[in-house]
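These notes are about the structure you will find just below.
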Amino acid sequence: MGTRTAVGGKALLMFLLPGWLAASAFAEEEPRASTTKHYVEAAREGGAPTAVSRDRYGALAMEGTRVQPGQRQVRSGKPGESTLQSTGNNDFWFFAADVVLFGDDDRDGFSYGIDLVFDADTIFEAADVYAVLYLSLEGGPWNEYATTEDFTIFGAVSDDEFGVVTELESGYPRGSYDILIELYDAFDGTFLASIGPADTSELGFLPLEDFGRDAPDRHHHHTGGGAASLPLLVLLALAAALRRR
């Protein structure tokens, strides 16, 4: 009887283990989702956003080194073509960037909302640009999380700030994040300037997690809680088998 019980426990383990491993792998490859509101001006004055985007990306890259600003494939003036830009432009720069976090329903110190405002300047009277926003978890590689609509900056004035309010919905584990902002020419996709945690502390060490991980009653539904419970099921089954033996 004892031998049969032990074999049953092993059989149960062999049955559950593949599912556990598959669920764990799926949790590690969880796709990212977020919703972003774009504000051309008066971002924090209660006005209506000029656009709303629902962004979907692949799983968060957490291993590897950060590439230098501008090292990305950018839009080209010709359809279907892109170029790799790697240097900035002295005619454009960021004057300031500010972040306010919101959305911490379980009060654990980690938020799912990012209220980002930045001011880009130029030597020209006006220029049409767009920005690409990135997040980095615990010093890992940069992950694009939003791209703004095209907007116009006017010289070096202080009243042309652009606001981006993002709610992280899924795919962003709890941790310390940095933000990188890259500015590009709206006409040909040329890389113009960047600002990140090395330039201002406002963009570094931000305690974030996605909406699904925020509240206890939403945790298991959004974060692969089933994968985390499978090891417990295995241990309980083995314990029961040993007890019978």
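Every value quoted in this text rests on a predicted model; they were computed, and no experiment measured them.
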Shortest non-hydrogen separation from Leu203 to Gly196 and the atoms involved:
CD1-CA, 3.7 Å
Thr147 and His38 have their tightest heavy-atom pair at O-CE1, 3.4 Å
How long is the span from the CG atom in Asn143 to the OH atom in Tyr172, to the nearest 0.5 Å?
7.0 Å
Please answer: with hydrophobic residues joined when any side-chain heavy atoms are less than 4.5 Å apart, are Phe211 and Tyr57 in the same cluster?
no
With respect to Phe95, which candidate in Asp160, Val157, Asp121 satisfies the side chain to side chain contact (heavy atoms under 4.5 Å, CB included) definition?
Asp121
Who pairs with Asp178 by side chain to side chain donor-acceptor pair (under 3.5 Å), at least two apart in sequence or on another chain?
Arg66
Is the backbone of Glu161 close enough, under 3.5 Å, to the side chain of Asp119 for a donor and an acceptor to pair up by distance?
no
Between Ala61 and Pro141, which heavy-atom pair has the shortest distance, and what is it?
O-CG, 3.6 Å
Check the pair Thr166, Asp55 against side chain to side chain contact (heavy atoms under 4.5 Å, CB included), reporting the backbone distance first and the verdict last.
CA-CA 10 Å; Thr166 301; Asp55 303 297; 5.9 Å; no
Residues which pass ring-ring contact (aromatic ring centres under 6.0 Å, His included) with Phe110, listed by chain and number, not counting sequence neighbours:
none
Thr35 and Glu169 side chains, donor-acceptor separation under 3.5 Å:
yes
With side chains defined as the heavy atoms from C-beta onward, is the minimum distance between Leu180 and Ser136 less than 4.5 Å?
no
Would a single hydrophobic cluster contain both Ile123 and Val129, if residues Ile, Leu, Val, Met, Phe, Trp and Tyr are joined by side-chain heavy-atom contacts under 4.5 Å?
yes
Below 4.5 Å, heavy atoms only, C-beta onward: do Tyr184 and Thr190 meet side chain to side chain?
no
Quick one: list whatever passes side chain to side chain donor-acceptor pair (under 3.5 Å) with Asp128, sequence neighbours left out.
Thr152
In Å and rounded to the nearest 0.5 Å, what is the CZ to CG distance from Phe118 to Leu183?
7.0 Å
Do Glu30 and Ser170 come within less than 4.5 Å of each other through their side chains, counting heavy atoms only?
yes
Taking side chain to side chain donor-acceptor pair (under 3.5 Å) as the test, write out the residues that go with Ser111, two or more places apart.
none
Provide the closest heavy-atom pair for Arg32 versus Gly58 in the form atom of the first, atom of the second, distance.
NE-O, 2.8 Å
Less than 4.5 Å apart, any side-chain heavy atom of Leu60 and any of Leu137?
yes
With sequence neighbours left out, what residues match Asp91 under salt bridge (Lys or Arg N to Asp or Glu O under 4.0 Å)?
none
Roughly how far, to the nearest 0.5 Å, is CG of Leu208 from CZ of Arg213?
12.0 Å
Donor-acceptor contact present, side-chain Glu138 to main-chain Ser176, <3.5 Å
yes
Output for pair (Tyr112 OH, Arg174 CZ), nearest 0.5 Å, gives 14.0 Å
Partners of Phe124 by ring-ring contact (aromatic ring centres under 6.0 Å, His included), sequence neighbours excluded?
Phe92
What is the minimum heavy-atom distance between Tyr177 and Leu135, and which atoms define it?
CD2-CB, 4.0 Å
Leu133 side, atom CG; Ile179 side, atom CD1 - distance, nearest 0.5 Å
7.5 Å
Take Val165 and Phe102 through the side chain to side chain contact (heavy atoms under 4.5 Å, CB included) test and state the conclusion after the steps.
CA-CA 10 Å; Val165 180; Phe102 65 92; 3.7 Å; yes
When rounded to the nearest 0.5 angstrom, what distance separates OH in Tyr145 from OH in Tyr134?
11.5 Å
Quick one: closest heavy-atom pair of Ser194 and Asp199, and the distance?
O-OD2, 4.2 Å
